[in-house]
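Heavy atoms only: backbone and side chains are in, while hydrogens, waters and symmetry mates are out. Labels below follow one simple rule: chain letters A, B, ... track the order of the sequence lines, proteins then strands, and each chain is numbered from 1.
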2 protein chains.
Amino acid sequence: MTDADTIIGNIRADGHRLTRIRVFMIRTLFEAQRPLAPSEILTRLAGFDIRADRTTVYRELRFLMEQNIVGHIKLGDHRNYYEILTEHHHHLVCKGCKNVKAVVLDNHLEDEERKIYKKEKFKVISHSLEFYGLCDSCLRKRA
Amino acid sequence: MTDADTIIGNIRADGHRLTRIRVFMIRTLFEAQRPLAPSEILTRLAGFDIRADRTTVYRELRFLMEQNIVGHIKLGDHRNYYEILTEHHHHLVCKGCKNVKAVVLDNHLEDEERKIYKKEKFKVISHSLEFYGLCDSCLRKRA
DNA sequence: AAATAAGATGCAACAATGTTGCAACAATAC
DNA sequence: GTATTGTTGCAACATTGTTGCATCTTATTT
């Protein structure tokens with residue numbers, strides 16, 4: 001578990017530039033505590049009085065993915081979401097309030113991935129697992 | 001495991017209409033043996049000499065999802081994919097040739113879902129799990 | 001502190017995916 | 001065959017994501 005400043009320092013150490021937008025995008029993704037879509041990032045940057053172009057956000061996300069700082073996931077709608085890569089985790093997506101919460105499983109699927117290699121000769125590199133359902137507060141509202 | 005004709009019969013029995021496009025979309029999704037994106041469905045329908053509008057395909061997919069005939073999945077790119085709902089399964093997505101193969105796991109994640117309910121009070125209704133990696137033939141090519 | 005080089009940015013234009021309203025049409029029931 | 005209601009195509013639009021290029025910034029060098 002790292003913090004935003006450490007990551008920002010590493011980017012610098014790796015010889016990459018620290019631009020205003022780059023720094024604030026990293027902080028924004030950190031503070032969000034959940035994956036963000038590009039349009040959400042734009043809105044949040046605007047909240048810091050940082051006007052950035054759509055294009056820049058997309059390009060910066062690609063850069064942050066190449067640096068293995070940010071990862072890409074899907075949450076059931078037609079958008080792409082991005083989040084800071086920390087501990088390996090999955091997501092609970094509430095169908096009611098659309099909230100997203102990270103969850104760490106005991107079972108990391110290594111057994112399944114090993115079986116897949118034996119049976120199918122398919123070498124798993126990564127996986128994505130999202131759970132869809134209802135969070136506690138939405139469950140109560142429906143009861 | 002059902003076949004296309006059974007599904008088509010059930011739609012009829014449920015009081016829904018059997019239109020040319022509806023019937024061919026079901027057959028197309030069946031024969032594909034893998035999830036299809038809307039634009040791919042359009043192309044395949046054209047192969048049967050069936051000209052359909054984008055709009056119609058989107059609306060028909062929504063209908064088939066409401067009927068629980070078709071399910072929606074993500075495969076790592078920015079498109080939405082649809083497939084006939086049969087046995088519960090997951091997908092192996094090859095990063096090399098982009099091929100997609102269905103796989104049935106021994107572990108159906110019920111244990112994990114039960115633990116999630118206990119720990120997080122989050123009631124899981126469904127999940128989506130995709131594995132990304134390299135298929136046998138792409139592995140050999142890189143070796 | 002100014003000059004430089006390379007990377008980052010904004011803008012315009014475009015491409016693809018997906019949605020909505022509405023008029024015309026087709027599948028079924030009668 | 002006619003009526004009813006679901007289905008379809010079309011036009012227009014909204015959103016997401018990409019590309020080329022001129023301009024500006026960051027960080028280094030002098």
Side-chain angles (χ1 to χ4, degrees), chain A residues 7-29 35-46 48-67 69-83 98, chain B residues 7-28 35-46 48-67 69-82 98:
Chain A
I7 285 178
I8 290 165
N10 289 342
I11 288 176
R12 182 87 192 261
D14 286 344
H16 300 290
R17 296 196 181 165
L18 292 184
T19 63
R20 217 170 127 69
I21 291 178
R22 177 164 294 164
V23 169
F24 273 87
M25 270 183 64
I26 293 169
R27 291 204 196 291
T28 299
L29 285 164
L36 295 178
S39 60
E40 294 175 314
I41 295 173
L42 270 169
T43 308
R44 292 185 183 221
L45 286 178
F48 290 125
D49 251 314
I50 295 176
R51 273 175 294 111
D53 193 79
R54 226 179 28 262
T55 314
T56 305
V57 171
Y58 286 116
R59 280 192 282 228
E60 188 58 29
L61 285 170
R62 195 178 303 168
F63 169 81
L64 294 172
M65 286 180 66
E66 282 162 6
Q67 302 301 313
I69 293 168
V70 159
H72 162 260
I73 62 158
K74 299 273 186 178
L75 295 178
D77 60 14
H78 61 293
R79 294 197 284 183
N80 290 303
Y81 289 84
Y82 299 87
E83 63 179 351
K98 311 293 180 194
Chain B
I7 285 178
I8 290 165
N10 289 341
I11 288 176
R12 181 91 194 258
D14 287 345
H16 301 290
R17 293 191 185 170
L18 292 184
T19 64
R20 216 170 125 71
I21 292 178
R22 176 164 294 162
V23 168
F24 273 86
M25 272 183 63
I26 293 168
R27 290 204 197 289
T28 299
L36 295 178
S39 59
E40 294 175 314
I41 295 172
L42 269 168
T43 308
R44 293 187 182 220
L45 285 179
F48 290 125
D49 250 313
I50 295 178
R51 273 175 295 111
D53 193 80
R54 230 181 22 265
T55 316
T56 304
V57 171
Y58 286 118
R59 280 192 283 228
E60 189 58 29
L61 285 170
R62 195 177 303 167
F63 168 82
L64 293 172
M65 286 180 68
E66 283 162 6
Q67 304 299 312
I69 293 168
V70 159
H72 162 260
I73 63 159
K74 301 277 183 178
L75 295 179
D77 62 12
H78 62 292
R79 294 198 284 182
N80 291 303
Y81 290 84
Y82 300 86
K98 311 292 178 194

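- Considering all non-hydrogen atoms of both residues, A:Leu45 and A:Ala52 come closest at CD1-CB, 4.2 Å.
- At least one side-chain heavy atom of B:Arg54 sits less than 4.5 Å from a side-chain heavy atom of B:Leu42.
- Put simply, A:Asn80 has a side-chain N or O that comes within less than 4.0 Å of OP1 or OP2 on D:dG17.
- Shown for residues 50-60 of chain A: residues whose heavy atoms fall under 4.0 angstrom of DNA chain D, namely A:Arg54, A:Thr55, A:Tyr58, A:Arg59.
- We find the CG-OH distance between B:Asp53 and B:Tyr58 to be 10.5 Å, quoted to the nearest 0.5 Å.
- In terms of heavy-atom proximity, B:Asp77 sits nearest to A:Lys74 at O-NZ, 2.7 Å.
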Exercise for the section: Kindly determine whether B:Arg79 and B:Ser39 satisfy side-chain hydrogen bond (donor to acceptor under 3.5 Å, both in side chains), including the steps that lead there. Expected result: CA-CA 9 Å; B:Arg79 294 198 284 182; B:Ser39 59; 3.0 Å; yes

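- Proximity of A:Arg22 to the phosphate of D:dT26: no side-chain N or O atom is located under 4.0 Å from OP1 or OP2.
- What separates CE of A:Met25 from C1' of C:dA8 is a distance of 13 Å, to the nearest Å.
- The separation between A:Arg62 atom CZ and C:dT9 atom C1' is 15 Å, rounded to whole Å.
- Between the C1' atom of D:dT18 and the CG atom of B:Asp77 lies a distance of 15 Å, rounded to the nearest Å.
- Two residues are said to be in side-chain contact when any heavy atoms from C-beta on lie closer than 4.5 Å; B:Arg62 and B:Glu66 meet this criterion.
- D:dT26 atom C1' lies 17 Å from atom CG of A:Asp14, rounded to whole Å.
- If you take CD1 of B:Ile41 and C1' of D:dT8, they are 16 Å apart, rounded to a whole angstrom.
- Remark: C1' of C:dT17 and NE2 of B:His72 are 12 Å apart, rounded to the nearest angstrom.
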Completion exercise
Whether each nucleotide of nucleotides 23-29 of chain C has a protein heavy atom under 4.0 Å at its base (B), only at its sugar-phosphate (S) or at neither (-) is summarised, 5' to 3', as ---BBS-

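- Atom C1' of nucleotide D:dT7 and atom CD1 of B:Ile11 are separated by 14 Å, given to the nearest angstrom.
- Between B:Asn80 and B:Ile73 the shortest side-chain heavy-atom distance does not fall below 4.5 Å.
- Between B:His72 and B:Tyr82, the two ring planes are tilted [angle within 30° to 60°].
- One interatomic measurement links the two molecules: CG of A:Leu45 to P of C:dG10, which rounds to 10 Å at whole-angstrom precision.
- Just one residue in the list B:Arg20, B:Arg27, B:Met25 forms a side chain to side chain contact (heavy atoms under 4.5 Å, CB included) with B:Val23, and that residue is B:Arg27.
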